[in-house]
Amino acid sequence: MAYTPQYGPGTSIVAENRRNQMNPNHDLEKIRDVTDEDIVMVLGHRAPGSAYPTAHPPLAEQQEPDCPMRKLVKPTDGAKAGDRVRYVQFADSMFNAPSQPYQRTYAEMYRFRAIDPGTLSGRQIVECRERDLEQYTKLLVETEMFDPALVSLRGATVHGHSLRLSEDGMQFDMLQRCVLSNDGVVKYVKDQIGVPLDREVAVGKPMDEAWLKAHSTIFHSLVGTAYRDDREYVEYIQRIHSLRTKYGFMPKEE
Amino acid sequence: MTEARYPQCRIVPVRILGPDTAERLLNAVAGISGIRRLMINGPSLPATVPYGPARGKPNPNTNRTTITVGDTEVKLRVQVGMVTAEVTDASVIAHIKTTCDGIFTTFPYQLQEGQFMKTQPTLTDYAKYGPHADEAFIGLTDPRRKEPPVIIQGLH
């Protein structure tokens, strides 16, 4: 019988959303359009339209050693071209953001190739070859894994994920990289490290509360789905906790 | 040092306030007679990027602005998240509650009562201000700041 991954436990909508984001066979709903140039601007690693700087010559121009692993693993476009390794970092608010750091890492590991994610409590960074990074970022920004108000691209100075939201519903950002304009569209005015952009980059309107609650992947007893309401998830975590604790004492079977 | 006999309260809105609402709130609250001291708390909005690759570059931020409370200009260095007040007696807290009810109409707030300001100087305060510091200001300002606290005028 073929193995079917379960991705995660739980019967709540949060658990379902987590599974959907992780499952590469599930098509993430596309919510907004952001151009390639806009993504390049917000990432801030190279000027839009400029050539990709390289870290090494393209693989086709190199003498590759005769290695069975290299024959087995096909390089990504970025690796083939010898691109530099660059990063994107997201900060996700705890108030029903559609994704959150651990979830991002799980989802990206299932969906993307040749990445090196770093997971922290309030932010998640992923490093990979530059042209692969731009494709991945585009997907992460355009789909249901992003909300313009509650998720933001922050290369540094990320503080804000656990703070109360601002009056206009935006996640607090010390550097105010994105602002909610009068027409209700969130616009990036700085790149992800806080350097002002030459022009504003629009990333769409913030999603409404009902949508956020239905697409969140974080449990929150006050504004969303309470963790204790998902009995299957609690049972699973208790089982893991119990097994880990017992294993700490190195139990021996009779 | 300040005696604990003065009641204190803290206004905690569910959202962090923008400068306009902060200005309205502070004008309304500071205008109530019987307020001894006010303190604003919130996440910092630095003038320059404090760390990361853009460290030291200017940090333009529409929330870092100057508001007018009474006749006094107050430079906001934080986005206002909480306002703590020390009042002369408990009836003033009820007055603050009525005022806040009129301001926070689109989102709720909490009015907490308790002891929120320092009652005696810490070692840091002693090192910064010395043994003869003005006790009214202890614990109300960031010891690393060079500017003095703002004295609000023109309200009564």
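Not measured: the values here are computed from a predicted model.
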Below 4.5 Å from any heavy atom of chain A, which atoms of [X] appear? Answer side chain, backbone, both or neither.
{"X": "B:Tyr51", "value": "both"}
{"X": "B:Val12", "value": "both"}
{"X": "B:Thr62", "value": "both"}

Validation row: A:Arg32, A:Pro148 side chains within 4.5 angstrom (heavy atoms): yes
Pick from B:Ile16, B:Thr21, B:Val14, B:Leu17 with the largest number of heavy-atom pairs that fall under 4.5 Å of chain A: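 Most heavy-atom pairs under 4.5 Å with chain A: B:Ile16.
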Counting heavy-atom pairs under 4.5 Å with chain A, which one of B:Pro43, B:Pro13, B:Gly81, B:Pro58 comes out on top?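 Of the options given, most contacts go to B:Pro43.
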Closest non-hydrogen contact found for B:Val49 with B:Ala54 is CB-O, 3.4 Å
Which atoms of A:Asp173 come close to chain B, meaning under 4.5 Å heavy atom to heavy atom: side chain ones, backbone ones, both, or neither?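 The backbone, not the side chain.
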Parallel, tilted or perpendicular: which one describes the rings of A:Trp211 and A:His215, with boundaries at 30° and 60°?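 Plane angle under 30°, so parallel.
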When the ring centroid of B:Tyr126 is compared with that of B:Tyr129, is the distance short of 6.0 Å?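 That pair fails the under 6.0 Å test.
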Around atom CZ of B:Arg55, are there more than 12 heavy atoms of other residues, nucleotides or ligands at under 6.0 Å?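 Counting neighbours around CZ of B:Arg55, 12 or fewer heavy atoms of other residues, nucleotides or ligands fall under 6.0 Å, so no.
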